[in-house]
Amino acid sequence: MKILELIALLCYFVLVLYIGIFFFLKDRKSGGSEKDYFLGGRRMSGWVTALSAGASDMSAWVLMGLPGSIYLYGVGQVWIAVGLLIGTVTAWLTVAPVLRRYSIAAGDAITIPQFLTRRFCTDRKGILVISAIVFVLTYCVYTASSLYACGTLFNTVLGMDPNKAMIIASAVIVAYTFLGGFNAVCWTDFFQGLLMLGALMLIPVLALVMMNGSSFVQPKLVMPEHYYNVLSSGKADWKSISDILSGLGWGLGYFGMPHILIRYFSVKSEKEMRKSQIIGCTWFLLILIATCAVGLVGRRFLGDSLTGGKDSHTLVFINMVRTIFDWIGTNIGLLSLAVFCAGILLSAILAASMSTADSQLLASASAFASDLYKPLFRKKASDWEMLWAGRLIVLVIAVAAFLIASSPSCKGLMNLVSCAWAAFGSAFGPVMILALFWKRLTYAGALTGIICGFVADAAWYMWLGSTQIYEIIPGFIAGLLAAWIISLLGRKPSEEVLSLFEKSRQPQD
C-alpha cells in the first residue's frame, strides 16, 4: 500500500513543478523584469496574497511540531498559538497597509533591506550588507527545518532514507522557485494553504467519529498531570510564567519576518489589501484551532504510543491520518482508495514544508541580488543577470540547509524553526515597527537596531537558554532600545525623509 501513498506524493510534486514551469514560460514570453520575478509585479490578488502569506508562515511545525508539543505536554503549549494569532492579526491590520504604501513611496522598493535604505533617502550600503548577511545565515537554518520535515515524512511513510528524501524535496523546491519566481511561489503557496487547512480541519473530526465507533479500542493512556491546565505546571510558578511569556513572544516574529512582510508589498490595490486582511486572519484562526485540536484529540486517539523517543511525538498527525484512512478503507471495502486519500492528506506536510522553504529561498535570492550583488559588485547588472544571481544563491542556501538538516547534531524540527523565527523577529521586528510608525528613526538607529537585536538573540540562545525565556523577547527588546536610543542621540531626519514619511500615510490607489 505504500506505493499508493508514494503516487499521491508524486502527484503533488508534479503539480508544483507544473506551476513553476507555467510561470517561467509566461515570464519568458512577456520579458519579465526583476520586479516580476521577485515581487510578481505587485499584481497579486487578495486571496492569493492572504493564503500565500499564511502558508509561507506555517511551515511543517504547524502539522508536526505544535500538535506534537500539545500531544505530549498538554494545553499549556497553546500559548504559542495564542501569541502567533495576536501577532499575525496585529501585523495584518497595522503593518500590512502602511508597509505596502511606504514601499511604493520609497522608490518602489521590492525587498525589506531596500525599503529600509530608501526610507532614509540615502545610498549608504550598511543596512543592505548587514541584512543580506542575516538573511543568508538565518534562512539556511529556517530552510533546514522544512527539509528536515520532508525527510521525516518520507522516512515514516515510505521507509525512505531521510537524507535521500531531503535531496528530492530540495530539488523540487529549488526547481519551481528557480523557474517561476514570486508568481510560482505565491500560487503554489495558495494551493498549499488550502490543502493544509482542509487536512487539519478534517483529521480531528474523523478521529472523533472513529473513537465513537464500537470497534475502537482505547490504546494505553496515562494522562500527564495538569495536561488540561493552561498553566503548564498547574500553578503560577516560574515554569508556567515562562511558558506563557515565551508562547506570547512568538507573536513578535511577524513584524520582522521578511518572507511574510514581502507579501504585503505585492498586493495590487487598497481594496485587495482589505480583502487579504480578512482572509488572512480568518485562515490563520482556523488553522491554529485545528492544529490544537489535532494535538488534544491525538492524545486520546493514539494514547501513549508516541511519548517515547526523539521527536516521536511530532508524528501525531501522520499516525492519525494513516490509522483513520486504514479504518475507513477497511470498513467500506475500498482500502486502496483510502490509502491514496491518506497520501493526499499527508501531502499537507509537504505543502507546509515547501510553502515556507520556497518563500525563504526567494526572499534570500532577492536580498542577495537586489541588495548586495547589484549595489556592491555589478551596479550596471541587467535584469537577466540579476535573475541568475538570485537563482545562484537559491542553490547555495538549499545546499547549506541540507547539510544542516542532515547533520547528526541537528536538534529537530521545532528547535530549527524557533531559532530562525527568533533571529528574524529580533533583528528586523523592532526596526520595522519604528520605521513605519516613528518618524524620528534615523539610519544609524535602524542599522544599530538590526545588529543589536540579532546579536542579543544569539547570545541569549547560547548562554542564557536555561532561563526558559524564548530568546526573541530579550532580542526584540535589545533591538528596540538600541534603535530608539541611537536615533535620539543623532541628528533629526531631514525634511526629505519626513516628507516621505507623511506621503506613506496616504493611500496609493
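Atom set for the values below is all heavy atoms of this structure, side chains included, hydrogens, waters and symmetry mates excluded. Model, not experiment: these values are computed from the prediction.
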*From F428, Y254, Y470, F476, residue fulfilling ring-ring contact (aromatic ring centres under 6.0 Å, His included) relative to W421*: Y254

_Contact check, side chains of V497 and S494, non-hydrogen atoms, under 4.5 Å_ = yes

*Between the side chains of D243 and S240, is a donor N or O closer than 3.5 angstrom to an acceptor N or O?*
no

*From CG (L147) to SG (C150), nearest 0.5 Å*: 6.5 Å

*Answer yes or no: is there a side-chain heavy-atom contact under 4.5 Å between R505 and Y102?*
yes

*asked:* Test your reading of the model: is there a side-chain donor-acceptor pair from E471 to the backbone of D457, 3.5 Å cut-off?
replied: no

*Please check if the side chain of W250 supplies one atom and the backbone of I472 the other of a donor-acceptor pair under 3.5 Å.*
no

*Specify the closest pair of heavy atoms between V134 and A427, including all atoms of both residues, with the distance to one decimal.*
CG1-CB, 4.4 Å

*Please tell me if the side chains of R491 and T442 come closer than 4.5 Å, counting only heavy atoms from C-beta onward.*
no

*Which value, rounded to the nearest 0.5 Å, describes the distance between L200 atom CG and L195 atom CG?*
9.0 Å

*Do the side chain of N415 and the main chain of S418 share a donor and acceptor less than 3.5 angstrom apart?*
no

*Just by distance, do the side chain of T314 and the backbone of G65 share a donor-acceptor pair under 3.5 Å?*
no

*Give a yes or no on whether a salt bridge exists between K275 and E272, defined as a side-chain N under 4.0 angstrom from a carboxylate O.*
yes

*Check whether any side-chain N or O of T117 sits under 3.5 Å from a backbone N or O of I127 as a donor-acceptor pair, and report yes or no.*
no

_I'd like to check F501 versus P493 (side-chain heavy atoms, cut-off strictly below 4.5 Å). Are they in contact?_
no

*Taking atom NZ of K268 and atom OG of S276, what is their separation to the nearest 0.5 Å?*
10.5 Å

*asked:* For F115, does the six-membered ring have the charged nitrogen or CZ of R119 within the cation-pi criterion, i.e. under 6.0 angstrom from the centroid and within 45° of the normal?
replied: no

*Hey, does the side chain of S103 reach the backbone of R100 with a donor-acceptor pair shorter than 3.5 angstrom?*
yes

_Any F265 side-chain heavy atom under 4.5 Å of I112 side chain_ = yes

*Is the backbone of Y142 close enough, under 3.5 Å, to the side chain of S145 for a donor and an acceptor to pair up by distance?*
yes

_Please tell me whether Y139 and H259 have a donor and an acceptor in their side chains that are separated by less than 3.5 angstrom._
yes

